[in-house]
2 protein chains.
Amino acid sequence: MILEKKKAFNAFAAAKGLRSTRQRDIILDFFLSTRQHVSVEELYLKIKASHPGIGHATVYRTLKLFTEAGLAREILLNDGQTRYEHVSAGEHHDHLVCTGCNAIIEFEDETIEKLQKEIALLHGFMIKSHKLELYGLCAACRANQ
Amino acid sequence: MILEKKKAFNAFAAAKGLRSTRQRDIILDFFLSTRQHVSVEELYLKIKASHPGIGHATVYRTLKLFTEAGLAREILLNDGQTRYEHVSAGEHHDHLVCTGCNAIIEFEDETIEKLQKEIALLHGFMIKSHKLELYGLCAACRANQ
DNA sequence: CATATATTTGAAATTGAAAATCAAGAACAT
DNA sequence: ATGTTCTTGATTTTCAATTTCAAATATATG
Ligand SMILES: [Mn+2]
Ligand SMILES: [Mn+2]
Ligand SMILES: [Zn+2]
Ligand SMILES: [Zn+2]
């Protein structure tokens, strides 16, 4: 699975005429071995520990490349930090975001997805993407109130 | 309707022990007479034309006050500009956002709202707010492609 | 292998929105 | 009127993200 994603990125890079660099390999390794919804700064710091030479700009640039390659998705929550999550082909989900502990829970709802398409149709809109986030308190944080 | 909102803000200000200032009156007038989904910068520039003395900081602060007072709602789309829209009591809607012409179309869908509550319940989550945005091309922009 | 060329990197500077600072000005209770 | 407290707005600061550009590196070619 990790290997497949590496292959997918190599294919993308080859098709785009991008060069193969040590930095992109390292950043991809770290991204693929990191839990979901990692912020750029988090990933940068994790990488820096063992590869102090790698710079901020490269991490930012490379995550944008992963997004373009279809390996990653940008998530903009309401805290001013861009996060990235792993993309698996054909899969889509939305997010419950806990404002207490910052946990992010994923969910899928086919009915909501279908209703969104109907709304778009009704307005003559062609949807390219959507964002559905439910903000609140997770079970654990509710218990601690 | 505009008068009611002014009264509502005055009540809020009184309850909070806020002073009545010329600036807040002006900003409220402009906000209430502006179309939906205005960005802070847009509103600031509009006000500045006839009231050059009013500063950025005051516009930012005052829109936050309106939000607290329940007259306005912050909207964070994906362009790094905070927008504010009018809030009418008991009303809620979500947004279709055209990435071609930046138009914002409002919609309501009771079924989606209900499904969101069910999802939250299923995960033991207590929802405080949510965000649903459909990004794509509006009918006009599709025609111009 | 050498060498030319084009891409990539990373430190540093820049950007842009938003928030913080703080002295001067304004509102309000007395 | 006067003193106290709040508010304002020019300016500075913050912070994520992007841009810049000289040096480093990848790769194509002989
Ligand atoms: Mn996710
Ligand atoms: Mn709206
Ligand atoms: Zn939580
Ligand atoms: Zn449009």
Side-chain angles (χ1 to χ4, degrees), chain A residues 9-31 37-69 72-84 102, chain B residues 9-31 37-69 72-84 102:
Chain A
F9 182 67
N10 288 338
F12 167 84
K16 251 210 140 190
L18 300 179
R19 293 183 178 173
S20 158
T21 71
R22 200 175 49 84
Q23 286 89 338
R24 297 210 264 239
D25 287 346
I26 291 166
I27 296 170
L28 184 53
D29 275 337
F30 272 83
F31 175 64
H37 316 122
V38 69
S39 75
V40 183
E41 188 63 16
E42 271 180 305
L43 190 62
Y44 167 71
L45 289 176
K46 220 165 265 182
I47 292 172
K48 214 182 137 186
S50 48
H51 301 84
I54 290 186
H56 260 108
T58 305
V59 178
Y60 274 101
R61 281 189 289 237
T62 305
L63 285 170
K64 288 219 172 286
L65 274 184
F66 293 168
T67 304
E68 216 185 319
R73 180 161 73 120
E74 273 190 2
I75 309 184
L76 305 164
L77 303 181
N78 289 349
D79 67 348
Q81 290 247 121
T82 300
R83 281 155 219 286
Y84 285 88
N102 299 312
Chain B
F9 182 66
N10 288 338
F12 167 84
K16 250 210 141 190
L18 300 179
R19 292 181 178 172
S20 159
T21 71
R22 200 176 49 85
Q23 285 89 338
R24 297 211 263 239
D25 287 347
I26 292 166
I27 296 169
L28 184 53
D29 274 337
F30 272 83
F31 176 64
H37 317 121
V38 68
S39 75
V40 183
E41 188 63 16
E42 271 180 305
L43 190 62
Y44 167 71
L45 289 175
K46 220 164 266 183
I47 292 172
K48 213 182 137 188
S50 48
H51 301 84
I54 290 187
H56 261 109
T58 305
V59 178
Y60 274 101
R61 282 189 289 237
T62 306
L63 285 169
K64 289 222 171 284
L65 275 184
F66 294 167
T67 304
E68 216 185 319
R73 180 161 73 119
E74 273 190 1
I75 308 184
L76 305 164
L77 304 180
N78 289 349
D79 67 347
Q81 290 247 123
T82 300
R83 280 155 219 285
Y84 286 87
N102 298 314

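This structure is a prediction, so every number in the text was calculated from the model and none was measured. In what follows, chains carry the letters A, B, and so on, assigned in the order in which the sequence lines appear, proteins first and then strands, with residues in each chain numbered from 1.
Rounded to whole Å, the distance from NZ on A:Lys64 to P on D:dA17 is 8 Å.
Annotation for B:Arg83 and B:His37: closest pair CG-O, 3.6 Å, computed over non-hydrogen atoms. Heavy-atom minimum distance, B:Thr58 versus B:Thr62: O-OG1, 2.6 Å. For the pair B:Glu74 and B:Tyr84, the tightest heavy-atom approach, listed with the atom from each and the gap, is OE2-OH, 3.1 Å.
In this structure, the side chain to side chain contact (heavy atoms under 4.5 Å, CB included) partners of B:Asn78, at least two apart in sequence or on a different chain, are A:Leu76, A:Lys131, B:Tyr135. For A:Ser39, the side chain to side chain donor-acceptor pair (under 3.5 Å) partners at least two apart in sequence or on another chain are A:Glu42, A:Gln81. Under the rule for a salt bridge (charged side-chain N to carboxylate O under 4.0 Å, His left out), A:Glu41 has no partner lying at least two apart in sequence or in another chain. Under the rule for a side chain to side chain contact (heavy atoms under 4.5 Å, CB included), the partners of A:Lys48 that lie at least two apart in sequence or sit in another chain are A:Tyr44.
Chain B approaches DNA chain C within less than 4.0 angstrom (heavy atoms of the protein), and the contacting nucleotides run 5' to 3' from C:dA17 to C:dC28.
When the options A:Thr21, A:Ile47, A:Leu65 are evaluated for a side-chain contact (heavy atoms from CB on, under 4.5 Å) with A:Ile27, the one that passes is A:Ile47.
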- Task: Between protein and nucleotides 2-15 of chain D, map the contacts as a letter string: B base, S sugar-phosphate only, - none, heavy atoms under 4.0 Å, written 5' to 3'.
- Result: ---BBSBBB-----
